[in-house]
Trainee: 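There's a structure below that I have some questions on.
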Amino acid sequence: ILMTTRQPLHHRHYCWVQKKLKINPKKRNDDTNLEEVKRIQFSGGGSTFSMMLSKEKVWDRVGLSCWDGCNADYENTIEGPGLDDLKGTVKGIGVVTDIKLFTVKTHVTHESTAESMDTESTSIGFTLGDNEPGDEFVVDLYYDEKFGTIIFDTFAGRSKCPHEAGTAAIEDPRLVITSYPPQHVFPDEDMVFEVEMSNLGVGDESQFVLYAQHRDNEGSLKLLLDGAPFGGSREFTNLLKNTSYKKTLVVQRGPRLFQYTPLDLVMESACEDASSQTNDLTASVFVETKSISQKLFNRGAGESAAIEFVKPCPKVEWAGELKRDRYFVVNTESGDTDNLLVTVFNPNHGENKFQNMTKGRLNNIFLYYRGLGELHWSTARIEVEDGDGKLTSREVDFAAEYADESSYGYTSMKWKLGNFVSEGTYELKVETKCNPLGGPPDIDMFSTSVISGVIDLTPPEQYGQALPLRDTVLLGEELVVVFTEAILCEKPFTFDLQVIIDGTNYRFDREELQVVCEGRKVGFQIDPTVGIDVEQVMGKTFTVEIGKVGVDSLSNIFDANGNAIENNVKFSKTLANINLDEASSSFKFVLEDIDCSDDTVGALADEVKEKIMLLLELDASDNNRIVLTPLRCENGNM
């Protein structure tokens with residue numbers, strides 16, 4: 001509307017109304033205030049249609065006005081003062097007449113009038129146009145007598161961007177999901193949808209966008225359309241009428257969840273999409289839209305529909321000492337030799353406890369064991385109280401009703417060993433089992449890493465007598481004690497060793513002796529170079545004690561699994577009483593990297609003797625103490 005004016009004008013004694021808009025008048029929808037003005041047809045593509053309409057009404061009024069009492073109608077008698085009457089003749093001639101002086105009667109009529117004229121003039125201008133080529137509009141114009149304005153009514157035509165009611169749609173999207181993925185899609189697999197797009201509108205070529213509503217994508221699903229990332233909208237140009245276009249949409253699982261809210265896949269005109277270059281902002285104000293959507297889901301229907309990937313069998317993890325040490329030992333030092341405490345962790349405890357998961361796919365979570373080197377796994381047992389308070393043997397099942405999972409996801413159960421498991425080296429694992437779906441084996445179960453350990457309740461014992469078996473030994477000779485199993489030989493040694501020579505002040509501890517610990521044996525010798533008076537100890541008896549020497553000592557002989565010997569090893573020997581002046585020893589030696597032959601070997605005897613004396617740190621005066629047997633060559637060496 002370009003202009004509307006109202007102003008008073010003055011005319012005389014007439015009233016008229018001028019109507020320039022009236023063309024084939026008729027009433028619409030029984031509305032007495034509407035009057036059809038004109039039917040207009042125009043085309044899109046950038047051209048415009050302009051029109052100016054005007055209307056004028058004139059009102060002429062004549063009416064009474066009020067001044068000096070408004071209208072008046074009355075009679076009045078006026079009498080003059082003086083004589084009451086007068087009689088006489090004129091010049092003595094005539095008739096005698098009685099006259100009352102100053103008596104007058106009047107009739108008065110007073111009327112006031114006013115005239116006015118009002119004029120109302122209205123001018124309406126408008127411009128019709130559309131930027132879209134191919135749009136056609138047939139519009140009826142109506143004039144509203146009550147409000148004095150124009151009403152437009154689209155009667156026919158064709159339109160897009162956006163489509164207007166009353167016209168044929170140039171762009172009318174059709175979106176159909178022709179193929180849905182199966183109900184069971186494994187976590188690492190793609191969820192594939194086959195989609196078909198087409199245009200049901202009257203346009204020969206159209207432009208659409210396709211997008212997924214990521215507003216509901218709370219779990220970070222990844223979407224691919226025809227192999228390319230599909231995060232925003234995808235624009236398609238030149239879609240032909242009555243032609244179907246097939247697309248492949250892939251949905252991939254997010255980083256954490258397995259079930260998601262369905263996503264809306266939307267197809268609409270490019271002008272309705274904010275990211276399109278052809279976006280028409282006016283489209284957003286129209287309630288009606290040609291946008292069409294389909295829900296992406298693979299399970300359920302209606303309110304229960306969901307995008308769901310197969311959730312693998314729940315994970316379980318080691319916890320406690322088994323996780324820390326990756327090993328277990330049950331020995332005589334264990335607080336409970338009949339049971340082994342096994343603790344596991346539920347990494348999904350924030351979602352559900354193991355016991356509640358059995359309402360879904362989960363069946364059980366068993367503890368298995370087997371002997372080292374064996375193939376068959378056995379199910380561990382536990383003793384639990386039944387309804388009568390009696391102990392009964394059950395399988396170690398961390399998802400059973402007798403398993404108590406903490407709010408932090410930890411469950412501890414005692415594996416019954418006594419009367420069920422013999423001593424030995426074993427392997428352990430915890431395994432979850434679910435209802436089979438026919439997919440990969442690992443989707444129906446989950447197993448922890450294998451932990452090995454040992455059950456050893458037998459302490460080590462001395463095996464036989466100390467060696468050598470004779471009672472008399474030489475000073476510096478090795479004495480050896482053998483045990484029934486390998487003992488703990490890591491340094492520092494865990495055992496005490498003490499040697500006491502009777503009749504002397506000599507008392508030697510482990511640090512003052514030369515000690516060797518290997519496998520099943522402990523060997524030692526008295527070092528004669530530590531300041532012993534050899535002649536004093538000759539022929540003396542000495543006592544040996546190995547194990548825990550002294551009440552306050554924490555040392556002992558332990559086997560490889562930590563079992564301590566029950567009794568110390570004790571024995572006595574006697575140092576041989578020999579004449580050192582007559583004592584001798586012999587040894588065999590080989591000299592390498594020397595050219596040796598039968599012709600030269602005899603000439604090397606003196607040189608060899610000097611080298612031996614040098615190695616033994618003997619003085620030249622001890623030359624007669626070294627006696628060489630005849631030398632010979634072997635494989636080029638002496």
Side-chain angles (χ1 to χ4, degrees), residues 41-47 128-139 153-181 191-214 223-251 262-298 301 305:
Q41 181 174 353
F42 65 94
S43 301
S47 60
L128 302 177
D130 188 90
N131 292 328
E132 291 292 335
D135 282 9
E136 295 283 345
F137 296 94
V138 178
V139 180
D153 182 24
T154 303
F155 179 75
R158 47 187 278 174
S159 64
K160 69 174 182 178
C161 273
H163 169 253
E164 295 191 28
T167 65
I170 295 178
E171 295 177 338
D172 188 2
R174 174 181 175 269
L175 179 65
V176 179
I177 299 177
T178 58
S179 176
Y180 285 84
M191 188 175 292
V192 181
F193 296 83
E194 296 293 339
V195 178
E196 187 175 284
M197 303 184 304
S198 59
N199 178 27
L200 302 179
V202 298
D204 293 331
E205 291 185 358
S206 300
Q207 188 169 348
F208 293 97
V209 293
L210 184 70
Y211 66 90
Q213 180 57 266
H214 284 273
L223 276 69
L224 302 174
L225 184 64
D226 290 343
F230 188 45
S233 57
R234 185 77 61 83
E235 192 161 338
F236 298 92
T237 59
N238 307 114
L239 265 66
L240 301 178
K241 179 174 63 175
N242 298 326
T243 302
S244 296
Y245 299 86
K246 296 182 178 180
K247 298 295 174 182
T248 300
L249 177 64
V250 172
V251 178
L263 297 181
D264 288 327
L265 184 65
V266 182
M267 181 182 178
E268 63 187 14
S269 174
C271 73
E272 298 184 37
D273 185 72
S275 61
S276 173
Q277 295 181 353
T278 62
N279 173 252
D280 183 355
L281 294 180
T282 60
S284 62
V285 303
F286 285 79
V287 176
E288 294 186 6
T289 176
K290 285 296 182 179
S291 174
I292 186 172
S293 65
Q294 297 286 350
K295 286 192 177 296
L296 300 176
F297 65 95
N298 70 313

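Note that the numbering runs from 1 along the sequence shown for the chain.
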Trainee: Side chain to side chain contact (heavy atoms under 4.5 Å, CB included) with Val195: which of Leu296, Leu265, Val176?
Mentor: Leu265
Trainee: Output the distance between atom CE (Met197) and atom CD1 (Ile292), rounded to the nearest 0.5 Å.
Mentor: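 The distance works out to 12.0 Å.
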Trainee: Donor-acceptor pair, distance only, cut-off 3.5 Å: does the side chain of Glu171 make one with the backbone of Phe208?
Mentor: no
Trainee: Output the distance between atom CD1 (Ile170) and atom NZ (Lys241), rounded to the nearest 0.5 Å.
Mentor: 10.5 Å
Trainee: If you take all heavy atoms of Ala212 and Leu223, which pair is closest and at what distance?
Mentor: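 Nearest heavy atoms, Ala212 then Leu223: CB-CD2, 3.5 Å.
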Trainee: What is the distance from atom CD of Gln294 to atom CD1 of Ile177, rounded to the nearest 0.5 Å?
Mentor: 5.5 Å
Trainee: Taking the side chain as every heavy atom from C-beta outward, state whether Asp135 and Ser159 have any atom pair closer than 4.5 Å.
Mentor: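 Sidechains of Ser159 and Asp135: in contact.
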Trainee: Measuring from Leu240:CG to Ser198:OG, what's the distance to the nearest 0.5 Å?
Mentor: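 Atom-to-atom, Leu240:CG and Ser198:OG are 11.5 Å apart.
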Trainee: Heavy atoms only: give me the nearest Met267-Arg174 pair and the separation to one decimal.
Mentor: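 Taking every non-hydrogen atom into account, SD-O, 3.5 Å.
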Trainee: If you take all heavy atoms of Ala305 and Pro262, which pair is closest and at what distance?
Mentor: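 That closest heavy-atom pairing would be O-CG, 3.3 Å.
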Trainee: Between Lys295 and Asp264, is there a salt bridge with N-O shorter than 4.0 Å?
Mentor: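 Yes, Asp264 and Lys295 are salt-bridged.
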Trainee: For the backbone of Ala165 and the side chain of Thr167, can you confirm whether one donor and one acceptor N or O come within less than 3.5 Å of each other?
Mentor: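 Checking the backbone N and O of Ala165 against the side chain of Thr167, no donor-acceptor pair under 3.5 Å is found.
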Trainee: Distance check, rounded to the nearest 0.5 Å: Phe230 atom CZ versus His214 atom NE2?
Mentor: 6.5 Å
Trainee: Just by distance, do the side chain of Ser233 and the backbone of Tyr211 share a donor-acceptor pair under 3.5 Å?
Mentor: no
Trainee: Work out which heavy atom in Glu235 is nearest to a heavy atom in Ala270; give both atom names and the distance.
Mentor: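 Closest pair (atom of Glu235, atom of Ala270, distance): OE2-CB, 3.9 Å.
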Trainee: Please give me the minimum heavy-atom distance between Val209 and Ser269, naming the atom from each residue.
Mentor: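 For Val209 and Ser269, the tightest heavy-atom pair comes out as CG2-O, 4.1 Å.
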Trainee: Kindly indicate whether the side chain of Glu194, heavy atoms from C-beta on, has any atom under 4.5 Å from the side chain of Thr248.
Mentor: yes
Trainee: Answer yes or no: is there a side-chain heavy-atom contact under 4.5 Å between Lys246 and Thr178?
Mentor: no
Trainee: Ignoring hydrogens and geometry, is there a side-chain-to-backbone donor-acceptor pair from Asn199 to Gly201 under 3.5 Å?
Mentor: yes
Trainee: Could you state the interatomic distance from CG (Leu175) to CD (Glu196), rounded to the nearest 0.5 Å?
Mentor: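 Reported to 0.5 Å precision, the distance equals 9.5 Å.
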Trainee: Over all heavy atoms of both residues, which pair between Leu263 and Gln213 is shortest? Give the atoms and the distance, please.
Mentor: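 Closest pair (atom of Leu263, atom of Gln213, distance): CD2-O, 3.7 Å.
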Trainee: Crowded around Tyr245 OH? As in, over 12 foreign heavy atoms under 6.0 Å?
Mentor: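 Buried by this count: over 12 neighbours within 6.0 Å.
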Trainee: What is the ring orientation for Tyr180 with Phe193, classed by angle as parallel under 30°, tilted 30 to 60°, or perpendicular over 60°?
Mentor: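 Perpendicular, since the angle between the ring planes exceeds 60°.
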Trainee: Show your working on side-chain contact (heavy atoms from CB on, under 4.5 Å) between Leu239 and Gln207 and close with a plain yes or no.
Mentor: CA-CA 6 Å; Leu239 265 66; Gln207 188 169 348; over 6 Å; no
